[in-house]
Amino acid sequence: MKPQPSKNPKKSESAEESVPPGQFVTEKFPVFTYGDTPAIDLKTWRFRIFGLVEEEVNLTWKEFLTLPQAAVTADFHCVTQWSRMDNLWEGVVFRDLIKLARVKPEARYVMVHCYGGYTTDLPLEALLEENVLFAHRHDGGPLTREHGGPLRLVVPGKYGWKSAKWVNGLELMSQDSPGFWEQRGYNHNADPWREERFWDGLS
Ligand SMILES: Nc1nc2c(c(=O)[nH]1)N[C@H]1C(S)=C(S)[C@@H](COP(=O)(O)O)O[C@H]1N2
Ligand SMILES: [Mo]
């Protein structure tokens, strides 16, 4: 039997497998924001759920904190090719929050709205994954302003631009409509494992 070519011993197979194709791991946590970082006063902070819902929701910060709190550990992949592994996020799981609004059956997509005007669209189904949450803590401390504090969305299964910072609303829609980066050529589906970085005119 011929000897098999040896694998690079420095790179464990499992570590390689945990990073999507075309990504490199960074220990730092880069800030990636288009435009200014909004200044948000918790006294006037509001979170709305509207559109195709039975019950419009309008939460204050105090009300938000009374919702069941959860923790999720997940990797974060930016389309500009950096990945930050094993982030500990704490906050409210999307599944729990959306229950308050009683979504109408015809709602299939969600536009996520933010302070500062940023938006991103997602299929409702993708947000109902159990690791999708609204986070106000990261790696054991309060979520800093530049990373989306007081509250950001975290969607581990999608590229980072879907993890909207400074979120203030969810709009339930029957049809898809492009958000900020999606209008500028980014892929609507944004699966890092399939390298859905830019829209190819097919998906
Ligand atoms: N409101 C808002 N959310 C945003 C962005 C933004 O510019 N504005 N950038 C997105 C992009 S492209 C990425 S990769 C992540 C980066 O999050 P971070 O700055 O905490 O690393 O936030 C996403 N959420
Ligand atoms: Mo990004």
Side-chain angles (χ1 to χ4, degrees), residues 16-40 47-52 72 74-85 87 89 94 97-98 103 106-129 131-135 138 143-149 151-203:
E16 217 170 287
E17 275 167 10
S18 67
V19 187
Q23 296 292 116
F24 63 87
V25 172
T26 175
E27 300 299 325
K28 291 175 286 194
F29 193 8
V31 172
F32 205 100
T33 301
Y34 184 90
D36 298 327
T37 296
I40 301 163
F47 187 93
R48 284 180 70 210
I49 308 181
F50 59 104
L52 296 172
V72 167
D75 303 335
F76 191 94
H77 310 294
C78 173
V79 71
T80 62
Q81 297 190 299
W82 57 267
S83 290
R84 190 181 191 277
M85 314 303 277
N87 299 275
W89 303 104
F94 180 92
L97 186 63
I98 200 69
V103 170
E106 61 268 34
R108 291 191 48 224
Y109 293 91
V110 179
M111 187 66 82
V112 183
H113 294 270
C114 303
Y115 284 100
Y118 185 89
T119 53
T120 188
D121 57 297
L122 286 134
L124 177 58
E125 210 181 356
L127 290 168
L128 292 170
E129 294 282 333
N131 62 359
V132 174
L133 85 166
F134 293 94
H138 176 260
L143 183 65
T144 59
R145 245 185 94 203
E146 61 269 29
H147 286 300
L151 191 72
R152 80 176 300 164
L153 178 63
V154 178
V155 188
K158 304 287 187 188
Y159 280 123
W161 83 83
K162 300 285 188 184
S163 290
K165 304 192 281 192
W166 316 292
V167 283
N168 67 2
L170 298 175
E171 180 182 359
L172 281 293
M173 315 181 293
S174 60
Q175 295 199 338
D176 201 5
S177 163
F180 180 84
W181 282 119
E182 292 82 6
Q183 286 168 31
R184 289 159 179 79
Y186 282 28
N187 193 293
H188 288 227
N189 198 43
D191 181 346
W193 296 97
R194 297 170 64 181
E195 284 204 74
E196 293 170 334
R197 298 173 190 273
F198 304 104
W199 191 53
D200 55 12
L202 302 169
S203 46

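- Asp121 places a side-chain N or O within 3.5 Å of a backbone atom of Gly179 that can act as its donor or acceptor partner.
- By the 4.5 Å heavy-atom criterion applied to side chains, His138 and Phe76 are not counted as neighbours.
- Contacts of Arg194 classified as salt bridge (charged side-chain N to carboxylate O under 4.0 Å, His left out), with partners at least two apart in sequence or in another chain: Glu196.
- With sequence neighbours left out, Tyr186 forms a ring pair (Phe, Tyr, Trp, His ring centres under 6.0 Å) with Trp161, Trp181, Phe198.
- One finds the CG atom of Leu122 at 7.0 Å from the CG atom of Leu153 (value rounded to the nearest 0.5 Å).
- A donor-acceptor pair is defined here as one N or O able to donate and one able to accept, closer than 3.5 Å; such a pair exists between the side chain of Asp191 and the backbone of Trp193.
- The salt bridge (charged side-chain N to carboxylate O under 4.0 Å, His left out) check on Glu195 picks up Arg197, with sequence neighbours excluded.
- Looking at Asn168 and His113, their side chains come closer than 4.5 Å, going by heavy atoms from C-beta outward.
- Between Leu127 atom CG and Leu133 atom CG the span is 11.5 Å, to the nearest 0.5 Å.
- The closest donor-acceptor contact from the side chain of Trp199 to the backbone of Gln183 lies at 3.5 Å or more, if one exists at all.
- Shown here for Pro192 and His77, the closest heavy-atom pair between the two residues is CG-CD2, 3.9 Å.
- By the side-chain contact (heavy atoms from CB on, under 4.5 Å) test, Phe180 pairs with Tyr34, Tyr118, Thr119, Arg184, sequence neighbours left out.
- Phe134 contributes atom CZ, which lies 13.5 Å from atom CH2 of Trp89 (distance to the nearest 0.5 angstrom).
- The OH atom of Tyr159 sits 14.0 Å away from atom OG1 of Thr120, with the distance rounded to the nearest 0.5 Å.
- The shortest distance between side-chain heavy atoms of Ile98 and Leu172 falls below 4.5 Å.
- Residue-environment remark: CZ (Arg84) exceeds the threshold of 12 foreign heavy atoms within 6.0 Å.
- In Glu106, the CD atom is crowded: over 12 heavy atoms of neighbouring residues, nucleotides or ligands sit closer than 6.0 Å.
- Annotation: salt bridge (charged side-chain N to carboxylate O under 4.0 Å, His left out) contacts involving residues 152-164, sequence neighbours excluded, comprise Lys162-Glu182.
- Ala107 and Leu124 make their closest contact through O-CD2, 3.6 Å (heavy atoms, listed as atom of the first residue, atom of the second, distance).
- Taking CZ from Phe50 and CG from Leu170, the interatomic distance works out to 8.0 Å, rounded to the nearest 0.5 Å.
- Going from atom OG1 of Thr80 over to atom CZ of Phe24 covers 7.0 Å, rounded to the nearest 0.5 Å.
- Of all non-hydrogen atoms in Ser174 and Leu52, the two that sit nearest each other are N-CD1, 3.3 Å.
- When side chains are defined from C-beta on, Ile40 does not count as touching Leu151, because their heavy atoms never get closer than 4.5 Å.
- Formation of a donor-acceptor pair under 3.5 Å by the Gln81 side chain with backbone atoms of Gln23 is not found in this model.
- Here the closest heavy-atom approach between residue Ile49 and residue Leu97 is recorded as CD1-O, 4.0 Å.
- Smallest separation of non-hydrogen atoms from Ser18 and Pro20: O-CD, 3.9 Å.
- The nearest pair of heavy atoms linking Val155 to Ser163 is N-OG, 3.0 Å.
- With sequence neighbours excluded, the residues forming a side-chain contact (heavy atoms from CB on, under 4.5 Å) with Val31 are Thr33, Glu146, His147, Lys165, listed by chain and number.
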